[in-house]
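Here the structure comes first, spelled out in structure tokens, and everything after it is commentary.
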Protein chains: 2
Amino acid sequence: MSNIQDVAARANVSITTVSRVLNSSLHRVNPRTRERVLKAIQELDYRPNALARGLLMKKTMTIGVIIPDISNHYYAEIVRGIQDVGDQHGYNIVLQNTDRRQERIVKSIYLLREKIVDGVIFSGGIIHGFEPLSALKELKDRVVVIGRHEANFPAVLVDNIGGASQAVQHLADLGHQRIGFIGGPQASTTGADRLRGYQSALAQNGYPTEAGLISLGNLTPRSGYEAARKLLGERDRPSALFAANDLMAFGAVYAAREMSLQIPEDLAVVGFDNIPLSSYLVPSLTTVEIPMHSLGVAAMETLIDLISRNPFEWMRWFKTRLIVRGSTARNHL
Amino acid sequence: MSNIQDVAARANVSITTVSRVLNSSLHRVNPRTRERVLKAIQELDYRPNALARGLLMKKTMTIGVIIPDISNHYYAEIVRGIQDVGDQHGYNIVLQNTDRRQERIVKSIYLLREKIVDGVIFSGGIIHGFEPLSALKELKDRVVVIGRHEANFPAVLVDNIGGASQAVQHLADLGHQRIGFIGGPQASTTGADRLRGYQSALAQNGYPTEAGLISLGNLTPRSGYEAARKLLGERDRPSALFAANDLMAFGAVYAAREMSLQIPEDLAVVGFDNIPLSSYLVPSLTTVEIPMHSLGVAAMETLIDLISRNPFEWMRWFKTRLIVRGSTARNHL
DNA sequence: ATGAAAGCGCTAACAG
DNA sequence: CTGTTAGCGCTTTCAT
């Protein structure tokens, strides 16, 4: 692996000159000299060592991304968005999975600090209690959070409350009076917000909030299945179910079919997320679309502005969109 | 951000001593001195700079992962496996999405070289034609490939041929004589192998290979849907469909339902991958399980052995497993 | 237009 | 048991 010295020697110039053509600095370098250097670089297949450069410049063009689990579609999509804009600006990302475990979050932060990342994007789990944490202090002004609005950090957000309430309103408009809710973990902002949206829409329509109409799952299809079995097993079963994510909605539909309920005739179902498969469930799933990729894009844009000390928006909100399909309306498959 | 000098000063020792307690080298350091250093480290919240260390040691504890697209479940799951073992050994990963585009693959390789990664795991797209490529030469002996068996690099593999053929045999055993195939892109090894498995199983049973029974998609549910519409539209339609992945199988089932075909009575369907939702399709999807997470784990294990110059297996094969569910058998939902 | 030299933060001989 | 010193590969004053 050749270094800048090798190039300099081969081109018969000083390493300073090599550095100059490399960084096409403002410094003018004689065209003929530049040619020689370029040729040497090519012949040696030289690539500048990013570690050395980073050490000196205190800038690595690397950012850390801390998420619960990359195998979760939601986060994978966000990460893709982050990378797409990162690529355009020459940033790479190093990924950390935490499974929402505190000690892993802390470890990740320390680690990213050691690796000298230029910034961090954080999503899922709690980071706010960590403020006294010195690790974060170092990075404090180069952190962007996705999905939490407790302030403290610049954030990219989704209107989960509005989306959930829109979903429930859709059901109410269809004439449903008993609308069940299959919620996600209430420890997460997203989970809590979707429940709030559900409740607020019920209130809006003058329906009482019945504990018997709510069951919490862990976002897996299986938990949705179980929650639905429970909810649909009651004597006064709901005529509609709103699940906090599509995966659980799939489980709920499965449960309903198992109990010989026709969808949407006997039971209407609405999901949340609009995963790629949602339109291929039979009947296709009415759901609330959430712009995952855009969240990642926005977060990375904000982080780059932060790093570059450009003006930036402290909070960027994204709207959700209700997509009506066959699981609530007769005229669709 | 304090450095090793600050710690040394505060503890009244040389930086060498600090380095020693940091790396708990074999070098003995006086317990009392060590205490002082540790205290200083804590007070200053000091963390060693990984860039400086990496520059000197020529080891960064970072590996590069090059995949087509992290938002694809298959790769996300693999990456999770890679990270799980990486975490245990202190390795971080930097992720590169290529969308299978040559120029992006090349760019990724160069970039990882600049960042001085200790090794690379590659999956999806072609890397073999690149061997003359100098970028790869540098890393040549620290590359592990997932899913390609053209040799050249240590590889972690899945028996796609066997899996596909097992799926088709299952259909044949059920008495199906006309079995359609919805394939993936033939440019990918995986896609080609699954087709070969299909064909070999047909041959095994003495069935001819009919072009009219095969339709290729691009692995999306939509393409599966379209392929199925086409295949099922023929006058002599197949009684069973084997899709090269679950996503397309979902699309195929949707198409069948749209055409009022009962599953599995009128049409049996088998998928490939066993994604989490496959058991929540109605009826649940018979499919071929592929151990994605294990692929990542095995790849990372191999890479670590490579880096550590431990003995390693040049090829690690993984078996698939047929999971029979309702889309082919009457007695399941 | 080019080069010499200093130094980013760290580890590893080599001394003592 | 502890310290001094020499770099790892690069960019950047400061000279020339």
Side-chain angles (χ1 to χ4, degrees), chain A residues 1-38 40-41 44-62 90 110-118 138, chain B residues 1-38 40-41 44-62 90 110-118 138:
Chain A
M1 181 102 177
S2 48
N3 60 22
I4 199 170
Q5 298 251 37
D6 303 331
V7 177
R10 189 178 191 100
N12 247 298
V13 294
S14 71
I15 60 171
T16 309
T17 302
V18 177
S19 174
R20 287 196 183 113
V21 348
L22 235 41
N23 303 296
S24 58
S25 2
L26 313 161
H27 246 106
R28 230 177 238 340
V29 27
N30 187 306
R32 290 239 291 293
T33 312
R34 151 169 279 125
E35 268 322 308
R36 281 217 314 286
V37 173
L38 253 19
I41 288 178
L44 293 174
D45 189 50
Y46 165 74
R47 291 275 138 175
N49 181 319
L51 296 179
R53 181 181 271 167
L55 182 58
L56 195 53
M57 315 275 279
K58 281 146 182 10
K59 185 129 195 348
T60 54
M61 297 308 280
T62 300
Y110 272 111
L111 208 136
L112 291 176
R113 181 145 79 93
E114 289 186 14
K115 295 263 165 116
I116 320 291
V117 293
D118 294 339
E138 289 293 338
Chain B
M1 181 102 177
S2 48
N3 61 22
I4 199 170
Q5 298 251 35
D6 302 331
V7 176
R10 187 177 192 101
N12 247 298
V13 295
S14 72
I15 60 171
T16 308
T17 301
V18 176
S19 174
R20 286 198 184 112
V21 347
L22 235 40
N23 303 297
S24 58
S25 1
L26 314 160
H27 248 103
R28 233 179 235 339
V29 26
N30 185 306
R32 292 240 289 294
T33 313
R34 151 170 277 126
E35 268 322 310
R36 281 218 313 287
V37 172
L38 252 21
I41 288 179
L44 293 172
D45 190 51
Y46 165 74
R47 292 274 139 175
N49 181 320
L51 296 179
R53 182 182 272 166
L55 182 57
L56 193 54
M57 313 276 281
K58 282 148 181 10
K59 185 127 193 350
T60 54
M61 297 307 280
T62 300
Y110 272 111
L111 207 135
L112 291 175
R113 182 145 79 93
E114 289 187 15
K115 294 264 165 115
I116 320 292
V117 294
D118 294 339
E138 289 294 337

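First the proteins, then the strands, lettered A, B, ... as listed; each starts at 1.
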Which nucleotide in D/dG9, D/dC10, C/dC10 has an atom nearest any side-chain atom of B/Y46
C/dC10

Should B/T33 be listed as having a side-chain N or O under 4.0 Å from OP1 or OP2 of D/dT2?
yes

Want to settle it: does A/A52 or B/N12 sit nearer the 5' end of DNA chain D, counting the closest nucleotide to each?
B/N12

Here the distance between atom P of D/dG9 and atom CD of A/Q5, to the nearest Å, is 8 Å

Could you walk me through whether A/T33 and A/R20 pass the side-chain contact (heavy atoms from CB on, under 4.5 Å) check?
CA-CA 11 Å; A/T33 312; A/R20 287 196 183 113; over 6 Å; no

Can you tell me how far P of C/dG9 sits from CG of B/L22, to the nearest Å?
15 Å

Considering only side-chain heavy atoms of A/T16, which listed nucleotide, D/dC10, C/dC14, C/dA4, is closest?
C/dA4

Report yes or no: is there a donor-acceptor pair, N or O only, under 3.5 Å between the side chain of A/R47 and the base of D/dG9?
no

Just wondering, do A/L38 and A/R34 contact through their side chains at under 4.5 Å, heavy atoms?
yes

side-chain contact (heavy atoms from CB on, under 4.5 Å), that's the test. Do A/S19 and A/T16 meet it? Break it down for me.
CA-CA 5 Å; A/S19 174; A/T16 309; 5.6 Å; no

Distance-only donor-acceptor test (3.5 Å): side chain B/S19, base C/dA12
no

With nearest nucleotides of DNA chain D determined for A/R53 and B/V13 from heavy-atom distances, which residue corresponds to the more 5′ nucleotide?
B/V13

Contact summary for B/K115 and B/T60, nearest pair of heavy atoms:
O-CG2, 4.3 Å

Check the distance between D/dG7's P and B/L56's CG and give it to me in whole angstrom.
12 Å

Rounding to a whole Å, what distance do you find between B/R32:CZ and D/dC1:C1'?
13 Å

D/dG9 OP1/OP2 closer than 4.0 Å to side-chain N/O of B/K58:
yes

Audit row: B/I15, B/N3, side-chain contact (heavy atoms from CB on, under 4.5 Å) steps and yes/no:
CA-CA 10 Å; B/I15 60 171; B/N3 61 22; over 6 Å; no

Ranking D/dG9, C/dG3, C/dT11 by distance to the side chain of A/S14, first place goes to C/dG3

Does B/K59 put a side-chain nitrogen or oxygen below 4.0 Å from OP1 or OP2 of C/dT11?
no

May I ask you to say what A/L51 touches in the nucleic acid, namely base, sugar-phosphate or nothing, with a heavy-atom cut-off under 4.0 Å?
nothing

Whole-Å distance, B/I4 CD1 to C/dG7 P, equals 18 Å

Assess whether side-chain contact (heavy atoms from CB on, under 4.5 Å) is satisfied between B/D45 and A/R113, documenting all intermediate values.
CA-CA 11 Å; B/D45 190 51; A/R113 181 145 79 93; 2.4 Å; yes

Roughly how many Å is it from CG in A/L55 to C1' in D/dG7, rounded to a whole number?
12 Å

Atom-to-atom span, CD1 of B/I15 to C1' of C/dA12 - whole angstrom:
11 Å

Under 4.0 Å from OP1 or OP2 of C/dC8: is there any side-chain N or O of B/N49 that close?
no

Could you check how far NZ of A/K115 sits from P of C/dC10, rounded to whole Å?
15 Å

Given C/dG9, D/dT5, D/dC10, the nucleotide with the shortest approach to the side chain of A/N3
D/dC10

B/R20 has its side chain closest, among C/dC14, D/dT11, D/dT13, to C/dC14

